[in-house]
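Following: one structure in C-alpha cells, then a few remarks.
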Amino acid sequence: MSHVIYTPPDQVRSVAVLGTGSVGASWIALFLAHDLDVIAFDPSTQAAERVKAFVTDAWPALRELGRTGLESPPLERLSFAATPAEAARQADLIQENCPEHLDVKLALLAEVDAAAEPQKIILSSTGGIPPTAMQQACKHPERLVVLHPFNPTHLIPLVEVVGGEKTSQAVLDWAMEFARLLHKQPILLHAEASGHMTNRLQFALVREAVACLVEGIASAKDIDAAVRYGLGPRWALMGSLLTLHLAGGPGGMQGILDHTAKAIQEWWTPKITPVLTPEVIAKLVEAAQEVSKGEPVQDWVNWRDRGLVDVLKLQEKLGA
C-alpha cells in the first residue's frame, strides 16, 4: 500500500453526505454550523426540501450551544449532486448514511471509492455493520472508518470510531481529530462487534425495561421514571464503572465488590430474555402511548432537543 497523505482534518472545506434521512440531515446541520460546504446525495425527490426544513429546525439549538454564530443556516452552502460518485468527486471528505443493509452499502461504497481520490477519507455512520465487511467493496479499504453518531447527531457529543482490519492507524487518528473539531466526544473501539459498543450498553437496559413490562413489575410510565429520575441524572455526569466505584465509599470499587458482589451478580443476571412476539410488540406500542401521553412524536422530539441543550451545557460546564 502506498503512503497517502490525507487532507488534514482542519483543512476539510466540503463534505459529501450520502443519504439524507434523519442521521444524514442531522450531520448536514452540524457540518453547516462548522462552516463546511455540503454536497449531498439522496435518491428521494423530496430530500432537498426535507433537509432544509430539518436544518432550519435544528439551528436554534446549535446556536445556543455555541456551535455557530449565524442567526440562520447558510443553506446556500448546501447542494445536491445527481449521483454519489459526483458528490464524492466534488468534496474533500465522504460521509455515508445509507440504509443498514450490507448489499446496499457495498454498492454505494464501490461507486464512491472508485470515484474519489485516495486521499479522501470515507466515514460511515453505520450503527451495526462491522467496517471489515464494508471494506470488501473498496480498492482503498485503508481509508474507510466508522464514525457512528447517536440520535440526534447534531447534538449528542458521542461518536464511536471503529476501524476494520484494513483501516490504517493514520485514518483512525484522523477520524478522532475530525470528531473533536466538530465538538464531538469520540471513543475508539479496539475490536469490531455487531452494533459496536454503545448500542450494546443501551439495549441491555432496553431489554430489562421490556422484561419488567412483560413481567408486570411496574407501569410503562414508572419504568421510564426509574431511568429519568434515578439513573439518568447520575449518568449525565458519569458512566456505569465510575458510578459503581463511588458506590463503594472510601473503599471504592474493591469495597463495593467485597460487600455486594454476590447480590450484583444476581441483579445483572437476566430473569427473562423477552422475545418480540406480536403480543409483546402490541404491549410496547401501548406503552409508548402511555409514556408519550398520546402526543405527536415531533412534539416530543422538539421537547427532547430543548432539554438536551441544557444538559449538554451543564456537561460542558462541569468538564471532567
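One is the number of the first residue; the rest follow in order along the sequence.
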Any donor-acceptor pair under 3.5 Å from [X] side chain to [Y] backbone:
X    : Y    : answer
R13  : A91  : no
D42  : T20  : yes
E160 : L189 : no
R143 : K120 : yes
S168 : V171 : yes
K139 : D113 : no
Q315 : A236 : yes

Pairing donors with acceptors under 3.5 angstrom, does anything connect the side chains of S14 and Q90? no
Can a donor-acceptor pair be found between the side chains of T7 and Q119 at a distance below 3.5 Å? no
Any [X] side-chain heavy atom under 4.5 Å of [Y] side chain:
X    : Y    : value
L123 : L93  : yes
D92  : V15  : no
L312 : L155 : yes
F54  : P152 : no
L32  : W59  : yes
F41  : P43  : yes
W27  : L147 : yes
P149 : S125 : yes

Report the distance from atom [atom1] of [X] to atom [atom2] of [Y], rounding to the nearest 0.5 Å.
X    : Y    : atom1 : atom2 : result
I272 : C212 : CD1   : SG    : 8.5 Å
H154 : D57  : NE2   : CG    : 9.0 Å
S22  : N97  : OG    : CG    : 9.0 Å
E290 : I223 : CD    : CD1   : 8.5 Å
I121 : H140 : CD1   : NE2   : 13.0 Å
T45  : R50  : OG1   : CZ    : 9.5 Å

Could you list the donor-acceptor pairs under 3.5 angstrom formed by side chains in residues 237-257, with sequence neighbours left out?
| unit_1 | atom_1 | unit_2 | atom_2 | d |
| --- | --- | --- | --- | --- |
| T243 | OG1 | G239 | O | 2.8 |
| H245 | ND1 | M253 | N | 2.9 |
| Q254 | NE2 | D258 | OD1 | 2.9 |

Show, in sequence, the C-alpha distance, side-chain angles and deciding distance for V23 and H148, and conclude whether the side-chain contact (heavy atoms from CB on, under 4.5 Å) test is met. CA-CA 10 Å; V23 175; H148 174 226; over 6 Å; no
Is it true that, when you exclude [X] itself, more than 12 heavy atoms of the residues, nucleotides or ligands shown sit nearer than 6.0 Å to its [atom1]?
X    : atom1 : value
K271 : NZ    : yes
R207 : CZ    : yes
E295 : CD    : yes

Hydrophobic cluster membership, [X] vs [Y], 4.5 Å side-chain cutoff:
X    : Y    : result
V311 : V301 : no
V146 : V112 : yes
V17  : L62  : yes
I39  : L30  : no
V214 : V206 : yes

Heavy-atom pair with the smallest gap, counting every atom of [X] and [Y]:
X    : Y    : answer
A25  : V51  : CB-CG2, 4.3 Å
C138 : L144 : SG-CD2, 4.5 Å
C98  : K105 : O-NZ, 2.9 Å

Is there a side-chain contact (heavy atoms from CB on, under 4.5 Å) between V145 and I122? Walk through the geometry before answering. CA-CA 6 Å; V145 62; I122 301 175; over 6 Å; no
Side-chain donor-acceptor distances from residues 126-137 under 3.5 Å, at least two apart:
| unit_1 | atom_1 | unit_2 | atom_2 | d |
| --- | --- | --- | --- | --- |
| T126 | OG1 | E100 | OE1 | 3.0 |
| T126 | OG1 | E100 | OE2 | 3.1 |
| T126 | OG1 | G128 | N | 3.3 |
| T126 | OG1 | I129 | N | 3.0 |
| T132 | OG1 | E165 | N | 2.8 |
| T132 | OG1 | E192 | OE1 | 3.2 |
| T132 | OG1 | E192 | OE2 | 2.5 |
| Q135 | OE1 | K166 | N | 3.2 |
| Q135 | NE2 | P141 | O | 2.9 |
| Q135 | NE2 | T167 | OG1 | 2.8 |
| Q136 | NE2 | A133 | O | 2.7 |

Side-chain donor-acceptor pairs of residues 280-289 under 3.5 Å, sequence neighbours excluded:
none

E64 bridged to K313 by N-O distance under 4.0 Å: yes
Under the salt bridge (Lys or Arg N to Asp or Glu O under 4.0 Å) test, residues paired with E86 that sit two or more places apart: none
Name every donor-acceptor pair, under 3.5 Å, that has one atom in a side chain of residues 67-79 and the other anywhere in the protein, sequence neighbours excluded.
| unit_1 | atom_1 | unit_2 | atom_2 | d |
| --- | --- | --- | --- | --- |
| R67 | NH1 | L65 | O | 3.0 |
| R67 | NH2 | E316 | OE2 | 2.6 |
| T68 | OG1 | L70 | N | 3.1 |
| R77 | NE | D37 | OD1 | 2.7 |
| R77 | NH2 | D35 | O | 2.8 |
| R77 | NH2 | D37 | OD1 | 3.3 |

Can you give the donor-acceptor pairs under 3.5 Å from side chains of residues 176-185 to other protein atoms, not counting sequence neighbours?
| unit_1 | atom_1 | unit_2 | atom_2 | d |
| --- | --- | --- | --- | --- |
| H183 | ND1 | H34 | NE2 | 3.1 |
| K184 | NZ | T153 | O | 2.4 |
| K184 | NZ | I156 | O | 2.7 |

Checking I187 against V161 for the side-chain contact (heavy atoms from CB on, under 4.5 Å) test, could you report, in this order, the C-alpha distance in whole Å, the side-chain angles of both residues, the deciding distance, and whether it holds? CA-CA 6 Å; I187 58 174; V161 175; over 6 Å; no
